[in-house]
Amino acid sequence: MTTKPVLAAVDEDAAPLTHEQLRELYSLMASVRRLDSAAVAWQRQGIIPGYAPQLGQEAAQVGSGYAVDRTRDFVFPTYREMGVARAMGLDMVGYMSTHKATWHGGMYNPLESRFAPIQAVVAGSVLHAVGWAHGQTLSGKPDGERGVAMTYFGDGASSQGDVHEAMNFAAVMKAPVVFFIQNNGWAISVPTERQVAGGSVAARAAGYGIPSLQVDGNDVVAVHEATRSAFAHCRAGNGPVVIEAMTYRRGPHSTADDPGRYRTLEEERLSAGEDPLERFKQRLLSEGVADTAFFARAQQQAQDEEEAVRTGIEALGPRPGAEMFSLVFQEPTPTLQSQATAWRKESEHV
Amino acid sequence: MTTKPVLAAVDEDAAPLTHEQLRELYSLMASVRRLDSAAVAWQRQGIIPGYAPQLGQEAAQVGSGYAVDRTRDFVFPTYREMGVARAMGLDMVGYMSTHKATWHGGMYNPLESRFAPIQAVVAGSVLHAVGWAHGQTLSGKPDGERGVAMTYFGDGASSQGDVHEAMNFAAVMKAPVVFFIQNNGWAISVPTERQVAGGSVAARAAGYGIPSLQVDGNDVVAVHEATRSAFAHCRAGNGPVVIEAMTYRRGPHSTADDPGRYRTLEEERLSAGEDPLERFKQRLLSEGVADTAFFARAQQQAQDEEEAVRTGIEALGPRPGAEMFSLVFQEPTPTLQSQATAWRKESEHV
Amino acid sequence: MSEAATALSFAPGPVTMETEPVLHLSMQQALNRALDEILADHPKTVIFGEDCGRLGGVFRITDGLQAKHGEERVFDTPLAESAILGMSVGLAMAGFHPIPEVQFDGFAYPAINQIVCQIARMNYRSRGTLPMPITLRVPSFGGIRAPEHHGESLEALFAHVPGLKVVSPSTPHDAYHLLKYAATRPDPVIFMEPKSRYWQKGPVVVSTATPGQAMLDAGMDDGGSLTGARVAREGRHLTLVAWGAMVARCLQVAELAAEDGIDVEVVDLRWLKPIDAEALARSVGKTRRAVVVHEAPLTSGLGAEVAQLITQHCFQTLKAPVERVTGFDVPYPSGDLEDEYIPNIDRILFGIQRVLEYRRG
Amino acid sequence: MSEAATALSFAPGPVTMETEPVLHLSMQQALNRALDEILADHPKTVIFGEDCGRLGGVFRITDGLQAKHGEERVFDTPLAESAILGMSVGLAMAGFHPIPEVQFDGFAYPAINQIVCQIARMNYRSRGTLPMPITLRVPSFGGIRAPEHHGESLEALFAHVPGLKVVSPSTPHDAYHLLKYAATRPDPVIFMEPKSRYWQKGPVVVSTATPGQAMLDAGMDDGGSLTGARVAREGRHLTLVAWGAMVARCLQVAELAAEDGIDVEVVDLRWLKPIDAEALARSVGKTRRAVVVHEAPLTSGLGAEVAQLITQHCFQTLKAPVERVTGFDVPYPSGDLEDEYIPNIDRILFGIQRVLEYRRG
Ligand SMILES: Cc1ncc(C[n+]2csc(CCOP(=O)(O)OP(=O)(O)O)c2C)c(N)n1
Ligand SMILES: Cc1ncc(C[n+]2csc(CCOP(=O)(O)OP(=O)(O)O)c2C)c(N)n1
Ligand SMILES: [Mg+2]
Ligand SMILES: [Mg+2]
């Protein structure tokens with residue numbers, strides 16, 4: 001598969017990634033891989049009730065998340081974007097707390113993180129990105145200073161009406177939005193070929209006059225460069241871009257899922273292709289960008305990090321029940337206040 | 001504008017329209033034009049409370065409706081398809097009764113007419129067409145005998161998420177659906193260029209792998225031939241087709257609308273192009289298909305018809321209130337029955 | 001919240017607000033004026049929806065606002081309600097105060113997912129870091145002989161959704177002040193406009209500062225002048241509870257009942273969420289009888305909630321079970337049957353009669 | 001509808017249905033078996049939704065049905081709820097009996113437009129010529145510590161919509177029979193499955209003809225065995241009204257209350273629209289006290305309707321206002337707080353206490 005750049009303004013001025021950046025990308029991917037596998041284990045151990053692994057999507061997530069400028073951009077994830085969160089430097093205990101069932105949206109601060117709350121409605125936040133991006137235009141900042149919204153969704157989510165409405169609105173309003181699709185081959189048990197008519201979400205973009213890129217989602221550098229171009233296009237005031245990163249969901253849909261019911265291990269092996277992490281490692285080695293000592297250090301760091309996050313997650317107690325009431329509104333209502341009072345009385349009484 | 005046929009299976013075997021058929025098309029258009037103008041007048045006279053004129057869309061509506069095989073196909077209109085209804089031979093008093101506020105869906109029998117109830121939710125029935133069409137596939141009839149669903153919607157409606165979901169579902173399931181868009185330049189006050197990103201609804205079809213035709217919607221023969229090809233394509237088991245008929249809403253959005261607030265008469269004159277009825281008349285004359293006597297007869301017929309419909313509409317009394325209750329369910333509920341009883345008691349008491 | 005305060009601030013007219021000018025406006029004019037002032041006073045406010053811009057909306061509520069405040073502040077969107085509400089979420093996250101419109105009540109349904117799962121929950125989901133100061137204007141209720149889906153009453157649905165507040169004005173004066181109040185709150189408000197009342201005129205005490213607002217701004221109780229119900233007519237024998245267009249109808253009914261010596265109190269609920277239960281208790285505590293009137297279908301309508309709140313608070317003194325006079329459990333009918341469907345004067349009078357004649361067995 | 005008949009047909013076990021086999025099934029198994037039989041008996045039935053086919057649904061309710069009945073009868077759709085329901089309308093118009101699934105309660109919202117404006121109204125709009133024999137299966141309610149939007153209670157919304165019928169089983173036996181009944185009716189039914197009860201087993205009297213069905217087919221009253229509420233436990237002092245997963249909890253509460261000498265009757269409402277008001281009147285007419293329990297938020301919840309129906313019918317004999325023990329007016333919380341949100345045993349006992357201790361002033 002090749003990257004097909006059809007952007008009006010490809011970011012040609014951008015310098016190629018430095019060796020240090022390439023190594024950083026690898027470290028991030030290694031951390032994500034480690035944390036992801038750990039989370040699956042935590043679920044088995046009863047530390048968290050459930051998790052949606054991103055195994056195999058590290059390149060797509062880290063490569064794109066690495067392009068975000070946290071001083072001005074904003075990311076709108078769904079529920080499987082742990083790698084994006086990590087690449088953007090989120091508080092990972094705060095991120096993982098959603099899987100601990102501590103708080104639905106996660107315990108990180110979305111405004112400071114520039115990463116919207118975790119979203120369980122597929123395609124739910126795609127329109128938010130369009131609104132936020134249009135807000136950049138309305139705020140009257142010069143082109144180069146305006147933020148870009150990047151929204152993440154899957155091949156399955158692409159079937160939702162909201163995605164169409166979002167692309168049309170964004171194109172009509174020339175809103176600076178990057179629609180980032182991770183086409184990982186599956187929506188739970190339904191394969192892309194019975195989900196995405198025509199075979200490609202990126203191909204839909206042309207119908208709205210939106211430029212699009214279909215990129216090898218297992219090549220972190222290709223993903224990063226595509227994303228960087230898309231951001232440059234948006235920042236230049238040229239409107240939205242669609243990126244479709246072709247990748248593969250190597251794990252189950254979630255820890256509650258049993259892929260054996262709908263695909264064989266043989267099918268998995270054939271379709272998954274090369275492991276994005278291993279592939280990038282080989283490239284860095286062969287190009288002399290990193291040596292084995294680097295990889296050992298990266299591995300160690302990932303392990304330390306995982307342990308720190310696990311400790312944080314294990315330490316997370318349940319939220320005080322009073323938050324159920326106090327966080328509904330900015331200005332609480334009398335009804336809700338009296339419900340909170342009754343709740344407190346009854347729970348203390350027990 | 002040219003018709004761009006990109007169908008896999010264009011209906012090449014179809015014989016060209018006979019002179020008699022061409023004359024029939026004209027007569028239908030003349031009837032529709034007359035009835036449409038009359039309905040606007042009726043509203044001014046207080047005979048009906050409101051109406052949505054189709055002035056200028058006669059070619060698009062008659063040309064496409066004329067392709068329907070009433071023994072097996074089914075049409076899913078919105079609210080402006082009076083010309084389609086007439087071309088399909090509907091009971092026009094039954095059709096017009098919706099504008100008399102007699103019954104929302106109209107008083108005609110949709111099952112016998114093969115014309116679904118009038119629909120006020122824009123894009124509301126697009127998905128129904130997909131389900132009905134998939135039902136043809138499931139019913140196990142051979143390709144040639146299965147019905148085709150044709151759904152009508154506007155440039156404005158094309159922005160709704162349901163349209164995207166419908167095109168994707170139809171393409172995934174290869175459902176025999178013709179998506180017939182009348183792009184009449186306006187959705188109430190919003191012009192197509194601020195509605196349809198990319199400029200064409202037909203152009204969206206490629207993204208789903210659906211063949212599409214953009215056709216001069218003011219040329220009744222071109223519209224008819226495009227529709228006929230689309231039906232042949234569907235009947236051959238090749239899945240859905242998108243047709244976009246480019247036309248112009250010459251009148252107001254409805255009798256309650258004041259187009260002067262958003263477009264000038266000069267703009268109207270420039271954008272509307274040639275009148276489809278007059279244009280077809282000139283063609284028939286110049287090709288010797290019809291003479292002035294024919295046009296006079298057609299005009300007289302249209303006038304007689306209009307009078308008959310007006311008489312029917314004027315004679316329509318309000319529906320008995322009991323129908324409010326009796327038509328909700330096939331199997332009425334006790335709650336509803338007791339509400340009906342209370343209603344009857346209270347209305348008789350007064 | 002004191003009765004005096006309630007009586008004071010929303011009985012429109014020069015008596016209560018001597019220094020403020022009183023205009024004679026239709027609700028359409030009052031809403032239009034309110035939006036104009038909001039745009040002028042609050043630079044982060046944006047108004048958008050289908051045909052809101054150049055046309056000024058099919059009901060002309062936004063008439064002239066685009067010309068005056070520019071295409072960036074007041075704009076048309078493509079025809080997609082889910083997108084209109086979904087983009088409101090993003091705009092709110094970016095610091096704007098969106099005032100979107102859905103063109104008619106029945107076309108809020110395509111946006112319900114964004115309203116319920118996003119607008120109503122984002123503040124909660126984000127632990128208060130992403131407030132949703134969105135005021136959704138919905139031309140609502142029936143009575144104008146419109147096509148299908150143009151006469152719906154969605155208050156029960158909205159009131160059930162945690163995270164939403166819901167308000168409906170019944171007079172031009174309330175429309176003006178409640179919209180100014182709602183649009184400057186940090187929480188999402190569904191603003192249900194009774195479209196059959198758009199063109200009736202009434203006195204509007206216009207003021208740059210909405211009455212009660214100053215008190216609220218100072219962290220004080222506003223006495224319900226903006227946040228509570230309103231006694232639209234005082235009476236001793238029975239309370240009619242209504243909102244939107246039904247308030248005017250209930251006032252008519254009260255006049256008719258007065259001819260028979262029945263002194264009816266009319267409570268205009270105004271806020272459908274949160275409901276001013278104290279005001280209900282106060283009124284029915286006095287009259288000991290209540291009928292709640294709404295256009296929406298009976299079953300699971302907001303009338304059940306109102307009736308249950310009254311019963312809960314006034315069980316000991318209530319002389320008869322609360323009656324509900326409402327639309328039937330049928331789809332809103334076509335124009336010819338509208339008068340049969342919407343509670344009419346006769347049906348409300350029958351309801352009053354049932355309550356008055358109720359005898360414990 | 002006689003009490004005898006009600007008691008007879010839904011108390012599961014060999015006593016009532018001597019000739020029919022009794023199986024010990026979970027609700028998941030009972031539903032799966034019902035669907036299997038429906039597919040076998042009714043050739044126009046089709047089942048579809050997200051992951052319903054090969055996977056057998058995320059809850060395995062459709063497990064094995066595609067393999068047995070073929071890909072034309074049981075199939076996966078792309079991920080779009082509005083399309084799933086919209087295509088159901090078209091299939092129904094073409095003579096099919098669709099049994100669509102939305103994967104979780106919270107994902108019914110994107111389909112609300114098609115449900116409310118199309119499914120619920122097509123029979124009416126078409127003057128009875130286009131019936132909508134659609135049974136929408138919705139795994140519903142909370143209690144399984146799932147992610148956001150996977151624990152919603154939409155019954156108040158559905159019950160308010162004219163043209164819909166709504167049912168929720170609380171036992172495997174009822175699940176089996178009510179689904180077989182609903183799926184063969186000519187009107188649209190929302191079938192709300194209490195997902196937290198999918199895996200508990202109970203006796204199911206299986207029969208090719210669902211009990212009561214024969215009577216209904218013959219145009220006779222079925223005594224409410226399929227169409228009415230069910231007395232899940234007889235009692236004298238107070239009535240608990242519940243549905244779905246709350247029925248089992250109320251039965252637990254009744255056992256605890258019995259230890260204190262309080263004899264609680266538990267009414268399983270089953271049909272949430274139409275509500276069996278007679279059964280409520282019968283029970284509360286006897287016990288003179290009632291508490292209604294549901295998971296949905298309080299305000300404008302179905303509990304208000306139930307309470308108002310009880311008050312309307314039993315006003316003269318009621319000893320205390322009907323209490324509501326419900327979810328709070330807050331978005332359904334994350335797993336850790338679930339037990340605080342859903343009515344738990346303590347909160348229901350407190351509710352009972354409030355009613356029992358209520359004294360007229
Ligand atoms: C609106 C909505 N419908 C259904 C679901 C249930 N659901 C959760 S994930 C999923 C599949 C999503 O597939 P895709 O968009 O490809 O994302 P992926 O899981 O592959 O990351 C489904 C059906 C949901 N979360 N939201
Ligand atoms: C879902 C929905 N939203 C809004 C409306 C209000 N409305 C009625 S017609 C219309 C414009 C439709 O434009 P288009 O689809 O181009 O059809 P046309 O009127 O040009 O035939 C609008 C916004 C509606 N009927 N349905
Ligand atoms: Mg996927
Ligand atoms: Mg149009």
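To find a chain, count down the sequence lines: A is the first, B the second, and so on, and within it residues start at 1.
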Checklist line | Exercise: identify the closest heavy-atom pair between B/Tyr262 and C/Arg54 | finding: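 Nearest heavy atoms, B/Tyr262 then C/Arg54: O-NH1, 3.0 Å.
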
Notebook entry, point to check: How close do C/Ala80 and B/Ser159 get, heavy atom to heavy atom, and via which atoms?
Noted result: CB-O, 3.5 Å

Spatial distance of atom [atom1] ([X]) from atom [atom2] ([Y]) [nearest 0.5 Å]:
{"X": "C/Phe328", "Y": "B/Met324", "atom1": "CZ", "atom2": "CE", "result": "5.5 Å"}
{"X": "B/Glu346", "Y": "C/Arg354", "atom1": "CD", "atom2": "CZ", "result": "5.0 Å"}
{"X": "B/Glu323", "Y": "C/Asp336", "atom1": "CD", "atom2": "CG", "result": "11.0 Å"}
{"X": "B/His99", "Y": "C/Ser334", "atom1": "NE2", "atom2": "OG", "result": "10.5 Å"}

Under 4.5 Å heavy-atom distance to chain B, tell me which part of [X] shows up: side chain, backbone, both or neither.
{"X": "C/Gln103", "value": "side chain"}
{"X": "C/Phe107", "value": "side chain"}
{"X": "C/Ala146", "value": "backbone"}
{"X": "C/Leu298", "value": "side chain"}
{"X": "C/Glu81", "value": "both"}

At a 4.5 Å cut-off on heavy atoms, which part of [X] comes close to chain C: side chain, backbone, both, or neither?
{"X": "B/Pro320", "value": "backbone"}
{"X": "B/Ala123", "value": "neither"}
{"X": "B/Ile188", "value": "both"}
{"X": "B/Val196", "value": "neither"}
{"X": "B/Thr333", "value": "neither"}

Next item on the list: Please assess B/His253 against C/Leu55 for the test side chain to side chain contact (heavy atoms under 4.5 Å, CB included), listing each intermediate value before the final yes or no.
Entry: CA-CA 12 Å; B/His253 170 71; C/Leu55 182 64; over 6 Å; no

Notebook entry, point to check: Just by modelled atom types, is the C/Leu79 backbone N or O under 3.5 Å from a matching donor or acceptor in the B/Gln160 side chain?
Noted result: yes

Notebook entry, point to check: With no hydrogens and no angle check, is any side-chain donor or acceptor of B/Gln339 less than 3.5 Å from a backbone partner on C/Asp329?
Noted result: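 The answer is yes, because a donor-acceptor pair under 3.5 Å joins these two groups.
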
Check: Picking from C/His149, C/His150, C/Glu148, what satisfies side-chain contact (heavy atoms from CB on, under 4.5 Å) with B/His104?
Finding: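 Of the listed residues C/His149, C/His150, C/Glu148, the side-chain contact (heavy atoms from CB on, under 4.5 Å) partner of B/His104 is C/Glu148.
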
Note to self: For the interface with chain B, which of C/Gly335, C/Gly106, C/Pro110 has the highest count of heavy-atom pairs at distances below 4.5 Å?
What the structure shows: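 Most heavy-atom pairs within the cutoff with chain B belong to C/Gly335.
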
Check: Between C/Val58, C/Asp51, C/Val330, which has the largest tally of heavy atom pairs under 4.5 Å with chain B?
Finding: C/Asp51

Notebook entry, point to check: Hey, is CD on B/Glu331 packed in by over 12 heavy atoms from elsewhere, all under 6.0 Å?
Noted result: yes

